[in-house]
Amino acid sequence: MTELPRPVGPYELVRRAGDFLFVSGQIGLRSDGELERSSVEAEARQVLVNIQKVLEAWGASLSDVVDVTIFLTDMEFFPVVNRVYEEFFTPPYPARKTVSVKQLPLNARIEISVVAWLPQQVTGS
């Protein structure tokens with residue numbers, strides 16, 4: 001099984017509520033537990049890879065994502081994050097909001113949380 005990112009606090013990576021998966025905010029932690037810091041582009045890519053892994057562990061994919069929240073410590077990162085985002089998401093894009101924040105856990109520059117729609121299987125009558 002793919003190594004999932006570990007929470008950096010007292011929360012779950014994902015919670016299911018009915019037909020929705022709520023994926024907690026992910027930062028650019030690599031599989032070695034270190035934060036990707038080589039570039040904003042690489043950090044954004046690692047964040048989205050982490051989200052992809054969490055979704056896949058629940059039988060979902062990025063195409064199931066209906067809502068995205070992006071937190072940036074500097075709005076100067078916005079164009080770079082958009083370019084990386086387009087590598088992972090295709091039309092129809094999820095609804096999205098981007099928020100500038102003062103600081104993120106572990107001094108990450110980017111954090112992204114998503115909500116995915118994953119209908120529960122309906123079995124026999």
Do you know which two heavy atoms are closest between [X] and [Y], and how far apart they sit?
X: Glu36; Y: Arg30; result: OE1-CD, 3.4 Å
X: Phe71; Y: Ser113; result: CE1-OG, 4.4 Å
X: Ala108; Y: Thr73; result: O-CG2, 3.5 Å
X: Val54; Y: Val23; result: CG1-CG1, 4.0 Å
X: Val66; Y: Trp117; result: CG1-CB, 3.9 Å
X: Gly59; Y: Leu118; result: O-CD1, 3.8 Å

Item to check | Steps toward side chain to side chain contact (heavy atoms under 4.5 Å, CB included) verdict (Phe22, Glu12) | outcome: CA-CA 10 Å; Phe22 294 82; Glu12 299 296 328; over 6 Å; no

Run the side-chain donor-acceptor check on residues 77-85: report pairs under 3.5 Å with partners two or more places apart or on a different chain.
residue	atom	partner	partner atom	Å
Asn82	OD1	Arg96	NH1	3.0
Asn82	OD1	Arg96	NH2	2.6

Do [X] side-chain atoms and [Y] backbone N/O form a donor-acceptor pair below 3.5 Å?
X: Arg45; Y: Gly28; value: no
X: Gln26; Y: Ser24; value: yes
X: Asp64; Y: Ser61; value: yes

Checklist entry - Is there a side-chain contact between Val65 and Pro94 (heavy atoms, below 4.5 Å)? => result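 A side-chain contact under 4.5 Å exists here.
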
Next on the checklist: Would Asp67 and Lys97 count as a side chain to side chain contact (heavy atoms under 4.5 Å, CB included) here? Give the steps.
Outcome noted: CA-CA 8 Å; Asp67 188 57; Lys97 57 223 137 288; 2.8 Å; yes

Checklist entry - For Arg15, does the CZ atom sit with more than 12 other heavy atoms under 6.0 Å from it, leaving out its own atoms? => result no

Checklist entry - side chain to side chain contact (heavy atoms under 4.5 Å, CB included) between Leu48 and Ile112: does it pass, once the steps are laid out? => result CA-CA 8 Å; Leu48 290 165; Ile112 300 176; 3.9 Å; yes

